[in-house]
Structures are given as C-alpha cells and as structure tokens.
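For reference, the structure discussed in these notes is given below.
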Amino acid sequence: MVDLRKFAENLNDLMFDYKISQKELAERTGIDKASINRYLKGNCMPSVKSVVKLADFFNCSVDFLLGLSEEKPNTKFLPCPPISERINYFLELSKLTAYQFCKNVKLPDSRFYHWQKGTHSPTIQSIENIANYFKCSIDKVLGRES
C-alpha cells in the first residue's frame with residue numbers, strides 16, 4: 001500500500017538531487033505549487049496524472065516515486081496510453097467478465113465502466129490494486145513500461 005510519508009520523502013529527495021524548488025517544479029510540470037507543497041507534507045495523494053508527470057520529470061518509475069520500489073531504474077519510460085486502453089488490456093488478459101474483474105481486483109464497478117469509457121480516471125489505490133492482482137508494477141498497469 002502506498003505510504004504518503006514515503007512518497008513525500010522520495011519527492012523531497014528527488015527535488016534535492018535535482019536542486020529544484022517547489023516553485024520551479026510546479027512551473028516545469030504544470031502541477032500547482034500548493035499541490036506540490038501538500039505532497040511534500042504527506043497531506044494528500046497525487047492523482048495518477050500528477051504522479052506520472054512527476055515520474056516523467058524525474059525520469060523514475062511511478063513505483064519508485066510512490067515508495068513501492070527501492071530501485072530507481074535508469075530506463076526510458078513510454079508515454080501513457082489512455083487509461084481505458086490499459087483497463088481493457090488487463091480485462092482481456094484476465095479473461096474475466098468486467099464484474100469478476102472488479103470483484104477480484106477490488107475495484108468499484110460503478111467507476112470501472114467510466115474508466116473504460118475514458119470519462120473518469122482511477123485513483124492511485126485502484127491502479128495499485130490492479131498491479132497487485134497481476135503481480136506487476138504500477139508503471140506496467142499505466143503502460144509506461146512494456
């Protein structure tokens with residue numbers, strides 16, 4: 001499970017390593033400074049979109065940034081395809097009905113259909129549930145790694 005304190009610590013360490021301020025990080029990622037401040041205090045979980053922007057900026061995996069992996073892989077990540085494509089990919093991979101998939105992965109089925117249509121985005125927790133179920137990384141679920 002994602003630990004907000006570990007995420008805040010990793011973000012702070014990366015900012016220190018890159019010698020970048022909250023203001024500059026906000027300008028360069030398009031994430032507002034107030035949100036970055038809340039992330040650094042461990043007060044809130046970023047959206048999937050924001051955590052991907054941060055991981056892309058720091059050239060690290062989402063898993064590393066969230067504290068789910070100790071290693072900061074030195075690799076190039078792919079641009080994220082629409083979440084609806086990834087949800088459908090994992091639905092086909094599982095060979096389960098949408099209902100069974102939601103039940104097994106512990107996803108809210110009411111939101112699942114919106115994700116498939118691309119009208120809503122899942123939370124980090126929902127993406128983590130999919131990654132745990134398939135024993136893969138969050139980056140794999142998001143399509144950042146092949």
Side-chain angles (χ1 to χ4, degrees), residues 1-15 17-18 20 22 25-26 28-146:
M1 179 163 208
V2 174
D3 179 351
L4 283 175
R5 291 173 295 172
K6 184 65 177 163
F7 166 64
E9 180 183 319
N10 287 348
L11 179 57
N12 191 49
D13 290 349
L14 287 164
M15 288 174 65
D17 290 347
Y18 279 67
I20 190 168
Q22 290 181 37
L25 183 61
R28 296 190 53 196
T29 60
I31 300 169
D32 66 276
K33 187 177 175 252
S35 293
I36 291 172
N37 189 23
R38 285 191 299 272
Y39 302 156
L40 289 168
K41 289 181 179 180
N43 290 341
C44 72
M45 181 61 64
S47 67
V48 171
K49 185 177 181 179
S50 291
V51 80
V52 167
K53 283 181 181 182
L54 291 168
D56 284 345
F57 178 81
F58 290 115
N59 193 35
C60 68
S61 68
V62 169
D63 295 82
F64 173 79
L65 187 58
L66 293 174
L68 300 172
S69 169
E70 293 297 318
E71 296 178 29
K72 183 180 181 261
N74 230 1
T75 186
K76 190 79 171 158
F77 293 94
L78 303 169
C80 290
I83 197 64
S84 57
E85 286 180 21
R86 299 306 295 166
I87 294 295
N88 288 329
Y89 168 78
F90 279 96
L91 183 61
E92 288 175 25
L93 183 67
S94 69
K95 297 190 183 340
L96 297 170
T97 66
Y99 173 79
Q100 293 168 323
F101 182 85
C102 290
K103 186 175 177 185
N104 290 357
V105 181
K106 298 179 178 80
L107 297 175
D109 59 345
S110 60
R111 288 288 182 176
F112 178 81
Y113 296 106
H114 290 287
W115 302 340
Q116 275 188 306
K117 293 177 188 173
T119 57
H120 287 86
S121 295
T123 63
I124 293 290
Q125 182 61 55
S126 295
I127 296 294
E128 185 182 12
N129 288 351
I130 296 169
N132 289 339
Y133 182 79
F134 287 99
K135 296 176 178 46
C136 67
S137 69
I138 287 177
D139 290 287
K140 176 79 172 178
V141 173
L142 295 174
R144 293 183 77 229
E145 63 183 36
S146 52

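Applying the side chain to side chain contact (heavy atoms under 4.5 Å, CB included) rule to N12 yields the partners L40; only residues at least two apart in sequence or on another chain are considered. For D63, the salt bridge (charged side-chain N to carboxylate O under 4.0 Å, His left out) test picks out no residue, with sequence neighbours left out. A search for salt bridge (charged side-chain N to carboxylate O under 4.0 Å, His left out) contacts involving D3 returns R5, not counting sequence neighbours. For Y113, there are no side-chain hydrogen bond (donor to acceptor under 3.5 Å, both in side chains) partners at least two apart in sequence or on another chain. Under the side-chain hydrogen bond (donor to acceptor under 3.5 Å, both in side chains) criterion, Q22 pairs with no residue at all, not counting sequence neighbours. Listed by chain and residue number, nothing satisfies the side-chain hydrogen bond (donor to acceptor under 3.5 Å, both in side chains) test with N37 (two or more places apart in sequence, or in another chain). Listed by chain and number, the residues in a side-chain hydrogen bond (donor to acceptor under 3.5 Å, both in side chains) with N10 amount to none (sequence neighbours excluded). K6 pairs by the salt bridge (charged side-chain N to carboxylate O under 4.0 Å, His left out) definition with E9, not counting sequence neighbours.
For residues 116-130, no residue pair satisfies the salt bridge (charged side-chain N to carboxylate O under 4.0 Å, His left out) rule, not counting sequence neighbours. Evaluation of the salt bridge (charged side-chain N to carboxylate O under 4.0 Å, His left out) test over residues 91-112, restricted to residues two or more places apart or in two chains, returns none. Note on residues 45-57: pairs passing salt bridge (charged side-chain N to carboxylate O under 4.0 Å, His left out), not counting sequence neighbours, are D56-R144. The side-chain hydrogen bond (donor to acceptor under 3.5 Å, both in side chains) pairs that include a residue from residues 78-88 are N88-Q116, where partners are two or more places apart or lie in different chains.
For the atom pair SG (C80) and CG (D139), the distance works out to 8.0 Å, reported to the nearest 0.5 Å. Between the OH atom in Y39 and the CG atom in L11 there is a gap of 9.5 Å [rounded to 0.5 Å]. For the atom pair CZ of F101 and CG of L93, the computed distance is 8.5 Å after rounding to the nearest 0.5 Å. Atom-to-atom distance recorded for S137:OG and F64:CZ is 14.5 Å, nearest 0.5 angstrom. Interatomic distance, CD1 of I36 versus CD1 of I31, reported as 5.0 Å (0.5 Å rounding). Note that CD1 of I127 is 11.5 Å distant from CG of N132, once rounded to the nearest 0.5 Å.
For the pair L142 and I83, the minimum side-chain heavy-atom distance is below 4.5 Å. When side chains are defined from C-beta on, T123 does not count as touching V48, because their heavy atoms never get closer than 4.5 Å. Taking the side chain as every heavy atom from C-beta outward, F7 and L54 approach each other to under 4.5 Å.
The two residues S126 and P122 come nearest to each other via the heavy atoms CB-CB, 4.0 Å. Here the closest non-hydrogen pair linking C60 and L65 is SG-CB, 4.1 Å.
The aromatic rings of Y18 and F58 sit perpendicular, their planes meeting at an angle over 60°, well past the 30° parallel limit.
Applying side chain to side chain contact (heavy atoms under 4.5 Å, CB included) to I87 and the options I130, V141, L107 leaves one that passes, I130. Of the residues listed (F112, W115, F134, Y133), the one engaging F90 in a ring pair (Phe, Tyr, Trp, His ring centres under 6.0 Å) is F134, and it is the only one.
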